[in-house]
Asks: 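Shown below is the structure under consideration.
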Amino acid sequence: MRIELSVDLDATLGCGQAHRWLKKNGRWEGVLGDEIVTLSQREDGFECEGTSDKEAVLSYFRAEDDLDEIYADISETDGYMARLAEAVPGLRLLRQDPWECTATYLLAVNANVKRIGSMVEAVCEEFGKNLGRRFSFPEPEEIDEGCGDICRCRLGYREGRFMKLANSVRTGEHDPLSLTNLDYQSCRDKLMEVDGIGPKVADCISLFAYGHMESFPVDARISRLMRDIYGVTGSYSKVAEEGRRRFGKYPGYAQELLYHSTVISTSQAQAGGLHPV
DNA sequence: CATCAACCTGATCA
DNA sequence: ATGATCAGGTTGA
């Protein structure tokens with residue numbers, strides 16, 4: 001199935017916003033719902049194998065977002081952002097499943113991208129459905145009532161919180177779907193009622209699952225970058241607030257560009273690359 | 001409201 | 001090789 005969409009798969013799937021994508025000999029393999037999908041970059045979009053649900057794929061890639069408009073808007077912020085937008089014009093935000101996004105970002109607490117990936121895959125292999133080469137992300141019931149052994153997932157102190165979340169979603173105490181129609185602040189507040197979800201994780205979920213473009217998650221990398229490039233320091237709320245103030249209509253996209261720039265600069269020590277103004 | 005130790009694992013350093 | 005150090009958010013004091 002051919003998807004025509006302005007998107008850079010490497011930047012979009014490889015920078016840590018979603019945790020189930022693996023690049024295997026030039027193609028991106030991931031799991032959407034109960035299907036293993038494989039994506040191959042093309043000039044005008046990508047080739048998609050493993051699913052026929054075009055609507056779901058377009059929704060996942062937030063095809064309705066007008067990247068030209070968004071990046072034009074972001075570019076007006078300053079020269080640094082303008083260069084980032086120009087360098088990675090196909091970096092998109094994704095629209096992830098609320099339950100899966102909530103659960104994976106609960107695991108993401110105090111862990112680097114590589115470790116998050118290994119914890120998430122472990123949970124899928126332990127509790128999810130075997131789809132062949134990969135496993136589905138488990139439903140709350142599969143975790144809460146399943147016969148898998150959580151100890152094998154090596155979640156550390158996230159283990160108790162993870163099991164508690166699965167249980168509270170199964171019982172309806174926390175209902176990811178019910179947050180769909182809330183505004184950013186209410187959504188964030190609801191998420192932070194969950195044990196193990198603080199400001200940063202709540203901002204990530206608000207952005208990546210519920211599409212709140214004004215969310216500006218501040219992790220360790222963003223915190224250093226805001227300090228080094230913009231001279232912004234202080235508490236989480238101060239830095240996040242400054243991000244929302246500074247980056248106009250699309251702080252979430254700006255954050256993703258900034259985060260991606262830190263991935264690039266740490267993975268390739270190239271001369272003549274991007275550097276602060 | 002700000003500060004800070006404790007929490008767990010895997011990677012990297014000495 | 002083995003032990004020390006570090007990276008990474010949330011919680012509760």
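The structure presented is a predicted model; accordingly, all values stated were derived computationally and were not measured. Every chain is numbered from 1, with letters handed out A, B, ... down the list of sequences.
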Asks: Identify, with sequence neighbours excluded, every residue that meets side chain to side chain contact (heavy atoms under 4.5 Å, CB included) alongside A/Asp144.
Replies: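 Side chain to side chain contact (heavy atoms under 4.5 Å, CB included) check on A/Asp144 returns A/Asn167, A/Arg170.
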Asks: So what is the 5' to 3' dot-bracket string for DNA chain B, if pairs are Watson-Crick or G-U wobble with both distances under 3.5 Å, crossing pairs use [ ] and | means the partner sits on another strand?
Replies: ..||||||||||||
Asks: Sugar-phosphate means primed atoms, P, OP1 and OP2; the rest is base. With that split, encode nucleotides 8-13 of chain C 5' to 3' as B, S or - using protein heavy atoms under 4.0 Å.
Replies: BBSS--
Asks: What residues, two or more places apart in sequence or in another chain, satisfy ring pair (Phe, Tyr, Trp, His ring centres under 6.0 Å) together with A/Phe61?
Replies: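 A/Phe46.
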Asks: Just grab all the ring pair (Phe, Tyr, Trp, His ring centres under 6.0 Å) pairs involving residues 154-174 of chain A, residues at least two apart or on different chains.
Replies: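 Listed by first then second residue: nothing to list.
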Asks: Could you work out, with side chain to side chain contact (heavy atoms under 4.5 Å, CB included) as the rule, every residue matching A/Cys153, not counting sequence neighbours?
Replies: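 Per chain and number, A/Cys153 pairs via side chain to side chain contact (heavy atoms under 4.5 Å, CB included) with A/Ala122, A/Val123, A/Glu126, A/Phe127, A/Ile150, A/Leu155.
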Asks: Who pairs with A/Glu173 by side-chain hydrogen bond (donor to acceptor under 3.5 Å, both in side chains), at least two apart in sequence or on another chain?
Replies: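 side-chain hydrogen bond (donor to acceptor under 3.5 Å, both in side chains) check on A/Glu173 returns nothing, list empty.
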Asks: Heavy atoms of chain A, cut-off under 4.0 Å: which first and last nucleotide of DNA chain B, 5' to 3', fall inside that, if you could look?
Replies: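 Listing 5' to 3', DNA chain B meets chain A from B/dC7 to B/dA11.
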Asks: Please check if any side-chain donor atom of A/Asp73 sits under 3.5 Å from a side-chain acceptor atom of A/Tyr253, or the reverse.
Replies: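 Per modelled atom types, A/Asp73 and A/Tyr253 side chains form no pair under 3.5 Å.
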Asks: Tell me, please, which residues at least two apart from A/Leu182 pass side chain to side chain contact (heavy atoms under 4.5 Å, CB included).
Replies: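 Here the qualifying residues are A/Leu179, A/Ser186, A/Cys187, A/Lys190.
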Asks: Quick check on DNA chain B: between A/Ser237 and A/Gly156, whose nearest nucleotide comes earlier from the 5' end?
Replies: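 Closest to the 5' end, via its nearest nucleotide, is A/Ser237.
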Asks: Residues two or more places apart in sequence or in another chain: which of them pass side-chain hydrogen bond (donor to acceptor under 3.5 Å, both in side chains) with A/Asp66?
Replies: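 Result, side-chain hydrogen bond (donor to acceptor under 3.5 Å, both in side chains) vs A/Asp66: none returned.
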Asks: By ring pair (Phe, Tyr, Trp, His ring centres under 6.0 Å), which residues pair with A/Phe135, not counting sequence neighbours?
Replies: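 Scan of A/Phe135 (ring pair (Phe, Tyr, Trp, His ring centres under 6.0 Å), adjacent residues dropped) gives none.
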Asks: Would you please name every residue forming a side chain to side chain contact (heavy atoms under 4.5 Å, CB included) with A/Ser6, sequence neighbours left out?
Replies: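 For A/Ser6, the residues satisfying side chain to side chain contact (heavy atoms under 4.5 Å, CB included) (neighbours in sequence not counted) are A/Leu67, A/Arg92.
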